[in-house]
Amino acid sequence: GAVVSQHPSWVICKSGTSVKIECRSLDFQATTMFWYRQFPKQSLMLMATSNEGSKATYEQGVEKDKFLINHASLTLSTLTVTSAHPEDSSFYICSAPFAGGTSGNTIYFGEGSWLTVV
Amino acid sequence: SQKIEQNSEALNIQEGKTATLTCNYTNYSPAYLQWYRQDPGRGPVFLLLIRENEKEKRKERLKVTFDTTLKQSLFHITASQPADSATYLCALATDSWGKLQFGAGTQVVVTP
């Protein structure tokens, strides 16, 4: 079935450095993907909509210059956390809508990427 | 945006019983509402989607109801098993397909 893969699953980086997280749709094309962030014991919060071939759309309060999103192909979106700080430490999750199939329209989520900034 | 409320307290239930979770929202009724399961440290897994014109949806031991008058969805796990222990998230569609707003989730703990 349709699968969304994220890489890396976890990453530790030093404060001030940049980290890239990849989100791939493995067996379907996704013109749109979504990036969420989840702090411990809290809900998933939508950060941005990643659009293939055009600029990402950011939610209010999310800094587009800090969280760079590139949707380079129909199966890959990347989120780069630039100049990371400890407060950026969180669980980052992507999703991709899949239209069709035996289950009908479904939204598949990646396994998430744990980012720890030290 | 919507305010989505789910019980923040964990639901402890004995194996074999039915777990019932509540999702309330405050503003407009969405075109559809979804329920997800999330295990610790993992991404959410889609369970069920119910549309605004549907009253009830079932999938195996899961049942979802959607009452747009009450602005509420109920999620039932019948004949619960320890493997059902997880956090269950309610999610509402926003202005485009695939773009979701999530509740904080309710943790379910099923004991043998």
Side-chain angles (χ1 to χ4, degrees), chain A residues 1-7 9-10 21 23 25 28 30-52 56-61 77 90-116, chain B residues 1-10 21 23-26 30-54 57-60 62 64 86-109:
Chain A
V3 176
V4 171
S5 172
Q6 274 186 248
H7 179 81
S9 299
W10 57 270
I21 300 170
C23 178
S25 55
F28 67 101
T31 55
T32 304
M33 292 184 178
F34 300 91
W35 286 96
Y36 295 82
R37 180 168 55 181
Q38 185 178 33
F39 292 106
K41 302 287 187 185
Q42 294 187 26
S43 181
L44 281 79
M45 296 298 293
L46 179 66
M47 298 176 67
T49 303
S50 175
N51 304 300
E52 189 269 334
T57 308
Y58 290 82
E59 296 300 303
Q60 193 173 8
S77 173
S90 187
F91 189 47
Y92 292 86
I93 310 169
C94 70
S95 74
F98 174 65
T102 55
S103 303
N105 293 343
T106 304
I107 302 167
Y108 290 99
F109 282 79
E111 287 290 354
S113 299
W114 286 98
L115 170 62
T116 301
Chain B
S1 64
Q2 291 263 22
K3 187 175 179 184
I4 303 170
E5 295 175 341
Q6 292 187 255
N7 259 1
S8 57
E9 289 183 20
L21 285 64
C23 174
N24 294 298
Y25 56 94
T26 55
Y32 60 88
L33 185 150
Q34 302 187 18
W35 284 88
Y36 287 81
R37 169 183 174 140
Q38 187 176 27
D39 290 286
R42 309 292 293 273
V45 174
F46 171 76
L47 296 175
L48 279 167
L49 179 152
I50 187 165
R51 301 184 191 283
E52 59 180 339
N53 60 350
E54 297 176 317
K57 204 79 168 282
R58 290 175 186 260
K59 179 183 174 183
E60 296 172 355
L62 308 179
V64 172
T87 296
Y88 291 86
L89 307 171
C90 164
L92 273 59
T94 58
D95 52 17
S96 65
W97 162 241
K99 187 175 174 182
L100 299 175
Q101 184 176 351
F102 282 87
T106 299
Q107 184 184 11
V108 173
V109 179

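None of the values given here were measured: they were computed from a predicted structure.
Contact of B/Q34 with chain A is made through the side chain alone, with heavy-atom distances under 4.5 Å. Residue B/Q107: no heavy atom, backbone or side chain, is found under 4.5 Å from chain A. Only the side chain of A/L46 comes within contact range of chain B, judged by heavy atoms closer than 4.5 Å. In this structure, the portions of B/L100 lying under 4.5 Å from any heavy atom of chain A include both its backbone and its side chain.
More than 12 heavy-atom neighbours from other residues, nucleotides or ligands sit within 6.0 angstrom of CZ on B/R37.
The shortest side-chain heavy-atom distance between A/T49 and A/N51 falls under the 4.5 Å cut-off. A 4.5 Å side-chain heavy-atom check between B/N7 and B/Y88 finds every atom pair outside the cut-off. Annotation: side chain of B/I4 is in contact with side chain of B/C23 (closest heavy-atom distance under 4.5 Å).
Between B/Y36 and A/F109, the ring-plane angle classifies as perpendicular under the 30° and 60° cut-offs.
In this structure, A/Y58 has no ring pair (Phe, Tyr, Trp, His ring centres under 6.0 Å) partners at least two apart in sequence or on a different chain. B/E54 is linked by a side-chain hydrogen bond (donor to acceptor under 3.5 Å, both in side chains) to nothing, counting only residues two or more places apart in sequence or in another chain. In this structure B/K99 satisfies the side-chain hydrogen bond (donor to acceptor under 3.5 Å, both in side chains) test together with A/E59, B/D95, sequence neighbours excluded.
Taking 4.5 Å as the heavy-atom cut-off, the residues of residues 31-44 of chain A that approach chain B are A/F34, A/Y36, A/Q38, A/S43, A/L44, ordered by number.
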